[in-house]
Amino acid sequence: MTLEQQLSHYVGAAVKALYGIEADEKQIQLQKTRAEFEGNMTVVVFPFVKAARKAPQMVAQEIGEWLMANSQQLIAKYNAVQGFLNLSIADAWWIAQLGAIHADPAYGTWPANNRLMMVEYSSPNTNKPLHLGHVRNNLLGYSIAKIQEANGWKVVKTNIVNDRGIHICKSMLAWLKFGQGETPESSGKKGDHLIGDYYVRFDVEYKAQIKQLMAQGMDEDTAKREAPLMKEAQAMLLKWEQGDPEVRALWEKMNNWVYAGFDETYRRLGVAFDKIYYESNTYLEGKKEVERGLQEGIFYRRADNSVWADLTGDGLDEKLLLRQDGTSVYMTQDIGTAKLRFKDYPIDKMVYVVGNEQEYHFKVLSLLLDKLGFPFGKELVHFSYGMVELPNGKMKSREGTVVDADDLMDAMVRDAKEIARDKVNTLPDITEAEADEIARKVGMGALKYFILKVDPRKNMLFNPDESIDFNGNTGPFIQYTYARIQSVLRKAGDSVIGSRFSVLGSGLSVIGLEEKELTLIQRLTEYPAAVRQAGEDFSPAQIAAYAYNVACDFNSFYHDYSILNEEDPAKRSLRIVLSDCVARVIGSAMSLLGIEMPERM
RNA sequence: GGUUCGGUAGCUCAGUUGGAUAGAGCAACAGCCUUCUAAGCUGUGGGUCGCGGGUUCGACUCCCGCCCGAAUCACCA
């Protein structure tokens, strides 16, 4: 039973005994005591003052007295300030909690709920490399998967690769025309960057053609349509759909270059997938579903042969599902992908990690799946996150105002190495390889924490001119706290094992806790609830905030008290155990964010 | 114009279902390493919580109106 549940029970009994109130859960308001007051937990007594017909201060006093007499020593002290009853929980209770935490190797994770959640994230186009926007998506998706696993879900991480369409043809065409057979090997470029360069090249050449046509007196819209490059790209797309062997072979070759590049970026980001879907495989399935819907009268065909869904009854518009020429659109593909997924897995909950610019799309998708008879349709979750903005606005691939994912990671690790130079070199027996590994973990930790600490729903700002911090509320600050603890534990050696029994097995009540020890233990007891709340809210930011608070509490404790040099062996042991638990909770929380911990730094 | 989401310190961000004097970090300034890692700790200054009403013991939080910003309302994805 949690502390809140126990206290809630006692407070309920108190107001019943004192005032004859049958208090429900809403009325019994418990909160953590604010730092400026003495105590650990606070009861807000305002809800009872009316029925008690006494001043808030008096009510708080009376409940406090009653709890002292009837709480089986759980509550050691109390003080009443206006309508707030501050309770001090007995040291023995906290020490018992610490013992339980220390004994639980899976502390903070919840038991399996035997339900399966599929989390889709990343979802790249294969015509350009990943940028900072994708980085936010990948980090959020991966972290959410980890958080839901910690909440007892079986999670399947999935990726839908948009590997077909006109945008891919543009890169292919530009490469054919201007590439002169360039390959990742011949140029030394990563495959995704190589393809991205040709996507940009297409746009440059295309714009030049438009300009030329307009100079000849053509209006802009016509020029855009009639430019030879665009016509060629469309012809190529048609050939692709018809299965033309040459186009298909080129397509496969170039996509494989991109995949090799993506794999490297994913590996460096530390994200992974259990199952990858490709739109080239799912769009036909989507067309089949639309045809079925058409036959069953769920959708309708217009005179021009295009197929539509009428969602006006649901407060939305009419939505195109198949073009006049029978080709599919984004929505069609998503229907097909959903169908295949539910064929492949017994999914209880489907989560799409996709930017908030697509909220309308997922509203529509949810309705369409529901109309097509998929039971999961109505309950799909669009985990909608905000954009990453630069000081001068949104990132735009074609305008070159993007922060490239690979470049950014390089810069972060380089900065970490630079900052650590004087520091890490002083570590005993440090090797160049270990120093590099520390720089990698710290640089990536700074980047990941920087992104994940922000509420996912909000747009966030990234200023390329200001390097991401390594001090303060950052990933490295938390990693540093962890590394410090590991250093202490290494020096403590085997005494950790022995001490566990000497402190926690006997004489629980003889040790009085110092204030900052208690604060830390209380913080640790909040971890499971933090994991649960973060799961319910789909919020890695809450985990980040929790980990930061633990680290702050520990650093303050570490500064004020000695651990290994403490003379009282019981206290020394308790502090070692406490430090060990802090490190484990920090490590666990940060792993939910996909952030690795260095053993030294 | 309709819908959705935002607006909190100079900057970047927190702020559980309404609770005590609204918090961190960065930046600025002032201290703390003969003691377990100073990527740390302590302190100072910095606020009309966009504006105006309302609900009540109590509002950054809930309701209404307005202002500002973003996204979206495609035979793009």
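Within every chain, numbering begins at 1; the chains are lettered A, B, ... in the order of the sequence lines, protein sequences first and strands thereafter.
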Side-chain donor-acceptor pair under 3.5 Å between [X] and [Y], yes or no?
X: Lys516(A); Y: Ser556(A); answer: yes
X: Asp163(A); Y: Asn255(A); answer: no
X: Glu359(A); Y: Ser384(A); answer: yes
X: Thr42(A); Y: Asn86(A); answer: yes
X: Glu120(A); Y: Asn159(A); answer: no
X: Asp415(A); Y: Ser467(A); answer: no

Counting the atoms with a prime plus P, OP1 and OP2 as sugar-phosphate, which does [X] contact under 4.0 Å by heavy atoms, base, sugar-phosphate, or nothing?
X: Gln542(A); result: nothing
X: Ala541(A); result: nothing
X: Phe554(A); result: nothing
X: Asp334(A); result: nothing

May I ask you to verify whether the side chain of [X] and the base of [N] hold a donor-acceptor pair under 3.5 Å?
X: Asp469(A); N: A39(B); result: no
X: Lys26(A); N: U17(B); result: no
X: Thr42(A); N: A20(B); result: yes
X: Asp304(A); N: C75(B); result: yes

Please pick, from [options], the nucleotide with the shortest atom-to-atom distance to any side-chain atom of [X].
X: Phe84(A); options: A77(B), C36(B), G19(B); value: G19(B)
X: Tyr480(A); options: G40(B), U42(B), A14(B); value: G40(B)
X: Asn555(A); options: C26(B), G40(B), C57(B); value: G40(B)
X: Val442(A); options: U37(B), A39(B), A70(B); value: A39(B)
X: Tyr548(A); options: G25(B), U35(B), U72(B); value: G25(B)
X: Tyr558(A); options: A20(B), A39(B), C36(B); value: C36(B)
X: His167(A); options: U72(B), U37(B), A77(B); value: A77(B)
X: His559(A); options: C36(B), C73(B), G40(B); value: G40(B)

So, using side chain to side chain contact (heavy atoms under 4.5 Å, CB included) as the criterion, who are the partners of [X] when residues are at least two apart?
X: Glu466(A); value: Asn463(A)
X: Thr327(A); value: Glu241(A), Arg323(A), Asp325(A)
X: Ala583(A); value: Tyr482(A), Ile485(A), Gln486(A)

Pairwise [atom1] distance for [N] and [M], with rounding to whole Å:
N: C67(B); M: C29(B); atom1: C1'; result: 37 Å
N: G23(B); M: U8(B); atom1: C1'; result: 10 Å
N: G50(B); M: U44(B); atom1: C1'; result: 29 Å
N: G69(B); M: U61(B); atom1: P; result: 23 Å
N: U21(B); M: U4(B); atom1: P; result: 35 Å
N: G43(B); M: C5(B); atom1: P; result: 40 Å
N: A9(B); M: U16(B); atom1: C1'; result: 23 Å
N: A24(B); M: A14(B); atom1: C1'; result: 7 Å

Can you list every side-chain hydrogen bond (donor to acceptor under 3.5 Å, both in side chains) pair that touches residues 469-479 of chain A, not counting sequence neighbours?
->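 Counting only pairs at least two positions apart or across chains, the side-chain hydrogen bond (donor to acceptor under 3.5 Å, both in side chains) contacts touching residues 469-479 of chain A are Tyr449(A)-Asn473(A).
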Using the test ring pair (Phe, Tyr, Trp, His ring centres under 6.0 Å), find all partners of [X] that sit at least two apart in sequence or belong to another chain.
X: Tyr546(A); result: Tyr527(A)
X: Tyr548(A); result: Phe477(A)
X: Phe299(A); result: none

Can you tell which of Ile63(A), Asn79(A), Val43(A) makes a side chain to side chain contact (heavy atoms under 4.5 Å, CB included) with Leu87(A)?
->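 Only match with Leu87(A) under side chain to side chain contact (heavy atoms under 4.5 Å, CB included): Val43(A).
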Within residues 459-466 of chain A: residues closer than 4.0 Å to RNA chain B (heavy atoms) |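 The answer is Asn459(A), Met460(A), Leu461(A).
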With a 4.0 Å heavy-atom cut-off, tell me which residues in residues 317-325 of chain A come close to RNA chain B, sorted by residue number.
->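 Under 4.0 Å from RNA chain B: Asp317(A), Leu320(A), Arg323(A), Gln324(A).
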5'-most by nearest nucleotide on RNA chain B - Thr481(A) or Phe46(A) =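 Of the two residues, Phe46(A) wins.
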Let me know, please, whether Asp455(A) or Ala483(A) comes out on the 5' side of the other along RNA chain B by nearest nucleotide.
->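 Closest to the 5' end, via its nearest nucleotide, is Asp455(A).
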Under 4.0 Å between a side-chain N/O of [X] and OP1 or OP2 of [N], yes or no?
X: Asn471(A); N: G40(B); value: yes
X: Arg572(A); N: C36(B); value: no
X: Arg484(A); N: A38(B); value: yes

Does Glu434(A) come within less than 4.0 Å of Arg600(A), counting only side-chain N to carboxylate O?
->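 Answer for the salt bridge query: yes.
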Does C33(B) adopt a syn or an anti glycosidic conformation, taking syn as a chi angle within 90° of 0?
->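 C33(B): syn.
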Face-to-face stacking of Phe477(A) with G40(B), centres under 5.5 angstrom, angle under 30° |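 Aromatic stack with G40(B) absent for Phe477(A).
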Would Phe37(A) pass as stacked on A20(B), i.e. its ring centre under 5.5 Å from the base's six-membered ring centre and planes under 30° apart?
->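 So Phe37(A) counts as stacking on the base.
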Contact list for residues 30-59 of chain A, test ring-ring contact (aromatic ring centres under 6.0 Å, His included), sequence neighbours left out =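 Every ring-ring contact (aromatic ring centres under 6.0 Å, His included) pair that includes a residue of residues 30-59 of chain A, provided the two are not neighbours, is Phe46(A)-Phe84(A).
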Protein N or O to nucleotides 3-8 of chain B N or O, pairs below 3.5 Å:
{"unit_1": "G7(B)", "atom_1": "OP1", "unit_2": "Lys458(A)", "atom_2": "NZ", "d": "3.3"}

Would you kindly give the CD-to-C1' distance between Gln31(A) and G18(B), to the nearest whole Å?
->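 Distance check: Gln31(A) CD to G18(B) C1' gives 11 Å.
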Would you mind reading off the distance between Gln333(A) atom CD and C76(B) atom C1', rounded to a whole angstrom?
->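 After rounding, the reported distance stands at 11 Å.
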Test item: Ser366(A) side-chain N/O and Lys363(A) main-chain N/O as donor-acceptor pair under 3.5 Å |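 Checked: no pair found.
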With pairs defined as Watson-Crick or G-U wobble and both distances under 3.5 angstrom, please note down RNA chain B as a dot-bracket string, | for pairing with another strand.
-> (((((((..((((.....[...)))).(((((.......))))).....(((((..]....))))))))))))....
